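Comments concern the structure below.
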Number of protein chains: 2
Amino acid sequence: MTITEIARLANVSKSSVSLVLNNKPGVSDKTRAKVLGIIKKYRYRPNQIAQSLAGGETKSIGLIIKEIDNPYFGRLMRGVYDACSKLGYTVLLGSSEQSTDKEAEIIRTMLSKRVDGLIISPIQNEDADYSYLVDLTKDAFPLVILGSIPNFPTNSVDIDNFAAAFDATSHLIRLGHKSITHFAGPSGHGLKRLEGFRAAMQEAGLPLQKHSIVPVQPYTPNGYQAGKELFAQSPGSPTAVFCYNDLVAIGLMNALLDLGIDVPGRVSIMGFDDIDIAEHLRVPLSTVRMPSYEIGTSAADLLISRLAEGSTPRIERITLAYTLIERRSVARMTSPVLSGAVV
Amino acid sequence: MTITEIARLANVSKSSVSLVLNNKPGVSDKTRAKVLGIIKKYRYRPNQIAQSLAGGETKSIGLIIKEIDNPYFGRLMRGVYDACSKLGYTVLLGSSEQSTDKEAEIIRTMLSKRVDGLIISPIQNEDADYSYLVDLTKDAFPLVILGSIPNFPTNSVDIDNFAAAFDATSHLIRLGHKSITHFAGPSGHGLKRLEGFRAAMQEAGLPLQKHSIVPVQPYTPNGYQAGKELFAQSPGSPTAVFCYNDLVAIGLMNALLDLGIDVPGRVSIMGFDDIDIAEHLRVPLSTVRMPSYEIGTSAADLLISRLAEGSTPRIERITLAYTLIERRSVARMTSPVLSGAVV
DNA sequence: TTGAAAGCGCTAACAA
DNA sequence: TTGTTAGCGCTTTCAA
């Protein structure tokens, strides 16, 4: 079934069919009704590929994340998807798997598929030059970044990671913890959170020691490994650790439990993200809630609103709110001497 | 940049450029080199939309699942994505959110976007007529179903849910459990698993009682709720529960823990899926491992191989292996009288 | 080995 | 209000 076919069956021209297809004025009610009848009868649906070639827009956007199976991105993807489908857009999925080359290649592929816009959670290495992103913005291609890249003006959606980490650390300090370690994540969000941690420690006059900051890959096994190493020798080990994300926190929790170290009795754990299972762990996890669903919907809404506007060079940076979630993995510090006493 | 542009710059015809673009013979090495040079220089990439309109294939497939943020589908999506991108295909994402109407609408949209094939995890209601799926196969549209629909011959990928449930239940029985409840899921996989449960109970000569089967929505809060209700009054409650999936099992586990009921001391819990966090729960979950990643890759490989073959009406049903995973949430039954004794 | 021309299914001037 | 026509950027005969 093609538009030509429909036109023939309805005894009208292609243009008339096109007009009713796109709900445009310029056709008599009679013609419209007739065409609509034929369309319904034959369950005709225009070929979107042809529409795109002729009309210019594909009604699809590309979403490029770092890992498909990752609870954080899962919720985020759902946000993007929900907002897009509500607005009639299809999403093409891309996953960079932490590889800059893949990210660049995915972008090229999506451009050749003529997506109307792109939402990207960019890989942030020390040596990433973001040249492909720069190219995009140079051409004024509709783009929304998830997170933020220093000195790179684009539409973006993020939370204030510095403030969130600062608050989370301060919370631990307020509870009496003095020896706190940060399991630090990769550049990008990881760096911001590390800075927030540092700032909070400094403000409280708490010195950073040798093991105050340990860099960790953002996955459960790495958190486990780092936990095992850090707590292998008890003396000098911290009473609280603030983790880059929940996945790391889960690993750490298991390491501690395997080591026979009580959580939160002996050490408190603070996560980040509040992924769905955080509250269902062996010890329900205190964490910072990332509004990942909202990040997704905001990004999609922002992108699509830009498309509607045409190529307005206006850029918008959206900062969403985070929330400190108190569950059981963080406890008030009890001095070893008074251990067991009511606090 | 268009092919016409490139042709002009290289002083050749569009057709020659097209031939080198598609790596086809019929151009001299000299011309090929010249064209390739221009292409590289201008970083030209053909407009895939135009290619699709002229050539017939879009090099993209549609993946329709039920929920984007769901650890089970997360791993599955990753499988599909990995296999597709390895083979040069893009995936369009669709999520039916358990609505038949949405599922049908997504299919229509994807068809109008001319995806080359479809991978669908179909909603299975009692009243689902699958008419849209039937239409698809009537037209010999390349399709792979995740799961299986009775009397509906299509390519499909699944595990033997009946056998898996049978094995899981038998495992519980072998451990001495006699009073076992099944938290049963929705039609489709849910039905198969229920039958497997029933068969195992029957084979062991264990009678089904009033509370042996409780239907539950496949999510954590529902598992929690059902757990609370079932174990509110202790007498008559089962010593083991086999859950439709891990999400339900997590809810149940929390309900039990909140009720002060020991897991697995007083009741054993068996899940299904082996989602990533299953091993990190308060009590590490014994479960049946769904090879969801492999289901994804198999489905994509199968679909794409069908595309290559042309419209061969051959259909293939792939059944993948499951695995019983023993962790801590299931224990050997100890008679209440001998409780505390060495078993 | 090359190029000209038709056509994929649609939109959008423009004329009628 | 309608129909005619010319593209959109590519592939693919078919001649040269």
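Below, each value reflects all heavy atoms present in this structure, side chains not excepted, and no hydrogens, waters or symmetry copies. Bear in mind the structure is a predicted one, so any value in this text is a computation, not a measurement. Naming: A, B, ... by sequence-line order, numbering from 1 per chain.
- Between A:L53 atom CG and D:dC8 atom C1' there is a gap of 4 Å when expressed in whole angstrom units.
- Residues from residues 17-39 of chain A that place a heavy atom under 4.0 Å from any atom of DNA chain C, listed by number: A:S18, A:N22, A:K24.
- Atom CD in B:E57 sits about 16 Å away from atom P in D:dC10, given to the nearest Å.
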Grab the N/O contacts between the protein and nucleotides 4-7 of chain D below 3.5 Å, and write none if there aren't any.
from, atom 1, to, atom 2, distance (Å)
D:dT4, O4, A:S15, OG, 2.8

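- Under 4.0 Å is where a charged nitrogen must lie from a carboxylate oxygen, and between A:E105 and B:R45 at least one such pair does.
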Please determine whether side-chain hydrogen bond (donor to acceptor under 3.5 Å, both in side chains) holds for the pair B:T58 and B:S60, giving the CA-CA distance in whole Å, both sets of side-chain angles, and the decisive distance to 0.1 Å. CA-CA 5 Å; B:T58 55; B:S60 63; 3.0 Å; yes
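- Between the B:D116 side chain and the B:K59 main chain, a donor and an acceptor come within less than 3.5 Å of each other.
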Show me, pair by pair, the donor-acceptor contacts under 3.5 angstrom made by side chains of residues 82-89 of chain B, not counting sequence neighbours?
from, atom 1, to, atom 2, distance (Å)
B:D82, OD2, B:Y293, OH, 2.5
B:S85, OG, B:Y81, O, 3.0
B:S85, OG, B:D82, O, 3.4

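- The salt bridge (charged side-chain N to carboxylate O under 4.0 Å, His left out) contacts involving residues 6-33 of chain B comprise B:E5-B:R8, where partners must be two or more places apart or lie in separate chains.
- With salt bridges taken as basic N to acidic carboxylate O contacts below 4.0 Å, one links A:E316 and A:R306.
- How far OG of B:S121 is from CG of B:L76: 7.5 Å, rounded to the nearest 0.5 Å.
- Atom CG in B:L92 sits 11.0 Å away from atom CD1 in B:I106 (nearest 0.5 Å).
- To the nearest 0.5 Å, the span separating CD1 on B:I107 from CZ on B:F141 amounts to 9.5 Å.
- Where the helix from C:dT1-D:dA16 to C:dA16-D:dT1 starts and where it ends, the local axes point in directions that differ by 40°; five pairs per end, rounded to 10°.
- Ion pair A:E103/A:R108 not flagged as a salt bridge, since none of the NZ, NE, NH1 or NH2 atoms sits closer than 4.0 Å to an Asp/Glu carboxylate oxygen.
- A 4.0 Å heavy-atom criterion places the boundary nucleotides of DNA chain C facing chain B at C:dT1 to C:dG9, written 5' to 3'.
- Taking 4.0 Å as the cut-off between side-chain N and carboxylate O, A:E309 and A:R314 count as a salt-bridged pair.
- Atoms OG1 and CG, on B:T90 and A:L93 in that order, are 9.5 Å from each other to the nearest 0.5 Å.
- Residue B:Y44 places none of its side-chain N or O atoms closer than 4.0 Å to OP1 or OP2 of D:dG9.
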Checking A:T31 against A:S28 for the side-chain hydrogen bond (donor to acceptor under 3.5 Å, both in side chains) test, could you report, in this order, the C-alpha distance in whole Å, the side-chain angles of both residues, the deciding distance, and whether it holds? CA-CA 5 Å; A:T31 309; A:S28 66; 2.7 Å; yes
